[in-house]
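Keep in mind it's a predicted model, so treat the numbers as computed, not measured.
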Amino acid sequence: MIDSDQSIDPELLDMLEKWPSMTVDATMLDTIRASGELLLGEIVSPDYVDKQVMLVPGTDATPEIPLTFYRPADRADDVLPCIYHIHGGGYICGTAASHEPIHRQMVVDLNCMIVSVDYRLAPETPFPGPLEDCYAGLAWLYGNAKELRVDPARIGLLGESAGGGLAAALALLARDRGVYPLAFQQLVYPMLDDRTCTAEPHPHAGRFVWNNGSNDFGWRSYLGHAPGAATVSPYAAAARAVDLSGLPPAFVSTGALDLFVDEDINYAARLVRAGVGTELHVYPGAIHGFYLHPTALVALQANRDAKDWLRRHLYP
């Protein structure tokens, strides 16, 4: 029974049948990872998009990193802007392959290239391993931009959930290392702050799909210790960063019933205060993962908003 002051958009209710609320723990990892291999929808018009998967070098002695490339088939000779995508999954699951239907449609709609990185997962590989995988993939993309026919001045980040957290952290890391000038960062219901696990529970958010217990497990797996410690690096949890100036333009979106709603709003407000061009969207009645609903009006609107913003930053 859903309380009246926690009313989910009725068009999203069927998502709860596919994604029932539960607290994720170590005993569920294999099952969750196996289910995450399922594609998010059907692949439509594959002939319009060229796909390639490559293994690229990691950092130091780390394993090679799989990158998946999507490009409009009729733009093979054109120099295109590029979205570097980081998938979600609470830092513990998820794959680049599951987003293939979404990515194929995006490259056609936006006339761009998409490169999606399969970083190593926690708890087997805790921080900083996954972030360094993302950085290594980004470095390879910049280093091979000419051969890939990608415009290095128009490469930006996109991530959802934990992928949004990694994208925000990667933007910080890229800024501080000063080698790769990112054009933008799009953060969709990003998982930014381990301190949400230890804060007073939100009276209305965090009840559906991804709850505080799952969040605690995800952060413990990624950090290698309990969340909330004062020593957590801002490269692990981007909300910990003191200085947000000099970051690329940002798009932050979340649902009003998402566990991450406060941390996302706060991060967007701090970006604005730091002088970063920032667009924030909070969608009423929306839960974690709602972008993936194929017909709900709130999901369609959110996807239009996100795609319109990307279009403006891919083709400024």
Side-chain angles (χ1 to χ4, degrees), residues 39 43-60 62-87 94-120 130-160 163-164 166-171 173-175 177-188 247-249 251 306-307 309-316:
L39 293 173
I43 296 175
V44 179
S45 301
D47 293 342
Y48 290 109
V49 177
D50 293 330
K51 173 189 174 183
Q52 183 178 12
V53 180
M54 294 181 60
L55 293 174
V56 305
T59 57
D60 301 326
T62 60
E64 291 182 308
I65 302 155
L67 296 180
T68 303
F69 302 79
Y70 299 97
R71 185 183 185 93
D74 61 349
R75 303 289 299 276
D77 296 327
D78 296 344
V79 176
L80 297 179
C82 183
I83 297 170
Y84 186 71
H85 173 256
I86 308 175
H87 69 77
T95 65
S98 66
H99 286 71
E100 182 166 343
I102 296 169
H103 287 164
R104 284 181 174 274
Q105 190 62 53
M106 285 181 69
V107 299
V108 173
D109 291 346
L110 296 174
N111 286 317
C112 70
M113 188 169 185
I114 292 180
V115 179
S116 191
V117 56
D118 267 308
Y119 54 90
R120 289 169 294 166
L131 179 63
E132 290 293 351
D133 289 351
C134 294
Y135 187 85
L138 183 71
W140 191 92
L141 173 60
Y142 272 92
N144 292 273
K146 183 176 181 180
E147 293 78 8
L148 294 168
R149 302 196 66 74
V150 164
D151 181 354
R154 292 183 291 163
I155 297 174
L157 306 178
L158 165 62
E160 311 88 10
L166 281 164
L170 185 58
L173 191 62
R175 177 199 67 180
R177 290 182 176 174
V179 181
Y180 307 115
L182 293 164
F184 58 83
Q185 54 178 324
Q186 183 165 101
L187 314 177
V188 177
L247 289 170
F251 176 102
K307 200 168 285 187
W309 187 91
L310 284 172
R311 189 175 288 109
R312 295 197 304 272
H313 287 79
L314 290 166
Y315 289 94

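For the side chain to side chain donor-acceptor pair (under 3.5 Å) test, no residue two or more places apart in sequence or in another chain qualifies with R175. Judged as a ring pair (Phe, Tyr, Trp, His ring centres under 6.0 Å), and not counting sequence neighbours, the contacts of H103 are Y70, H85, H99. Taking D78 as the reference, R75, L80 meet the side chain to side chain contact (heavy atoms under 4.5 Å, CB included) condition, with sequence neighbours excluded. Applying the side chain to side chain contact (heavy atoms under 4.5 Å, CB included) test to A169 and every residue at least two apart in sequence or in another chain returns L131. For the side chain to side chain contact (heavy atoms under 4.5 Å, CB included) test, residues two or more places apart in sequence or in another chain that qualify with A174 are L182. A search for side chain to side chain donor-acceptor pair (under 3.5 Å) contacts involving R149 returns nothing, not counting sequence neighbours. Annotation: side chain to side chain contact (heavy atoms under 4.5 Å, CB included) contacts of R312 (sequence neighbours excluded): E279, D308, W309. Annotation: ring pair (Phe, Tyr, Trp, His ring centres under 6.0 Å) contacts of Y135 (sequence neighbours excluded): Y180. Evaluation of the side chain to side chain donor-acceptor pair (under 3.5 Å) rule for D118 yields no partner, not counting sequence neighbours.
The closest donor-acceptor contact from the side chain of E160 to the backbone of V188 lies at 3.5 Å or more, if one exists at all. Under the 3.5 Å distance criterion, the side-chain polar atoms of Y84 are matched with a main-chain donor or acceptor of C134. D133 places a side-chain N or O within 3.5 Å of a backbone atom of R120 that can act as its donor or acceptor partner.
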Could you pull out every donor-acceptor pair under 3.5 Å between side chains of residues 138-148 and any protein atom, sequence neighbours left out?
unit_1	atom_1	unit_2	atom_2	d
Y142	OH	P181	O	3.2
N144	ND2	W140	O	2.8

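The minimum heavy-atom distance linking V117 with H87 is given by the pair O-CD2, 3.6 Å. In terms of heavy-atom proximity, I65 sits nearest to P57 at CD1-O, 3.9 Å.
Checked against a 6.0 Å centroid threshold, the rings of H313 and F251 do not count as neighbours.
Looking at heavy atoms from C-beta onward, L170 lies in side-chain contact with I86 at the 4.5 angstrom threshold.
Salt bridge status for E132 with R177: present, with a side-chain N to carboxylate O gap under 4.0 Å.
The only member of V49, N111, I114 that meets side chain to side chain contact (heavy atoms under 4.5 Å, CB included) when paired with M106 is I114.
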